[in-house]
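Report on the structure given below.
Quick note: residue numbers are just sequence positions, from 1. Model, not experiment: these values are computed from the prediction. Computed over heavy atoms, backbone and side chain alike; hydrogens, waters and symmetry mates excluded. Order of appearance sets the numbers: ligands from 1, and atoms from 1 within every ligand.
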Amino acid sequence: MKKRAVFLDRDGTLSVDSAYPSRYEEISVYPESYEAVKRLNRAGLLAVVVTNQSAVGRGLLTEAALKEIHVRLSDSFAGREARLDAIYSCPHYALSADPRYNEDCGCRKPKPGLALRAAADLGIDLAGSYMVGDKPEDIIFGMNIGATPVLVLTGCGREALAALREQGIEPAHVAENILQAAAWILERERRQGP
Ligand SMILES: [Mg+2]
Ligand SMILES: [Zn+2]
């Protein structure tokens, strides 16, 4: 049977949105993120981070450094009995001077590439999955993959909500933060049954 996932944006959702962090020390995970991920783990939902990291294409960060950040991020969750099942990132930047990264890729959110890759790797039922993020592209990404989109009001969430509503787009739910988003998802799961 296919698994279901909660896709999680990184900056502004799981951690403080600081401009183009290039070292793990610059990443500040919201304390409630650990509990949120732990609850999703316990409910049998995969926790999969999907993040646009154009800092790579902008030449501000190497792919190796990004990988190192993500290994340490996963370790910090593991050290708190929470599990990030996978982290997928888009390194592209359309205006990059580096030919490795300047393609008009299919993996920069709101395009669905990161979720399609995760679905192929991990056997995920996207329609039964969720996307939690703080920007319009996260919500539109969630809609593009047929998942249930949840907006958090951390990071750019408040501006995002206004921008989405201007476009006539309403997330399935608006949560104060990632822990409230997880609580809503789990309550919805209980109501709907397995
Ligand atoms: Mg974000
Ligand atoms: Zn990409």
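Ion pair Arg39/Glu35 flagged as a salt bridge, since at least one NZ, NE, NH1 or NH2 atom sits closer than 4.0 Å to an Asp/Glu carboxylate oxygen. Comment: Asp85 does not engage Lys3 in a salt bridge, judged by the lack of any side-chain N to carboxylate O separation of less than 4.0 angstrom. Using a cut-off of 4.0 Å between Lys/Arg side-chain N and Asp/Glu carboxylate O, Arg158 and Glu176 are scored as salt-bridged. In this structure, Glu63 does not pair ionically with Arg100, as no charged nitrogen and carboxylate oxygen lie closer than 4.0 Å. A salt bridge links Asp104 with Lys111: the closest approach of a Lys/Arg side-chain nitrogen to an acidic carboxylate oxygen falls below 4.0 angstrom.
Protein N/O/S atoms found under 2.8 Å from the Zn ion (ligand 2), listed by chain and residue number: Cys90 SG, His92 ND1, Cys105 SG, Cys107 SG. Excluding waters, the protein N/O/S atoms found under 2.8 Å from the Mg ion (ligand 1) are Asp9 OD2, Asp11 O, Asp134 OD1.
Evaluation of the salt bridge (charged side-chain N to carboxylate O under 4.0 Å, His left out) rule for Arg72 yields Glu25 as partners, not counting sequence neighbours.
Note on Leu45 and Trp184: same hydrophobic cluster, where clusters join Ile, Leu, Val, Met, Phe, Trp and Tyr whose side-chain heavy atoms are under 4.5 Å apart, directly or indirectly.
Counting Ile, Leu, Val, Met, Phe, Trp and Tyr side chains that sit under 4.5 Å apart, directly or through other members, Val50 shares a hydrophobic cluster with Phe7, Leu46, Val48, Tyr88, Leu114, Leu116, Leu122, Ile124, Leu126, Met131, Phe141, Ile145.
A side-chain N or O of Tyr34 and one of Ser76 form a donor-acceptor pair less than 3.5 Å apart.
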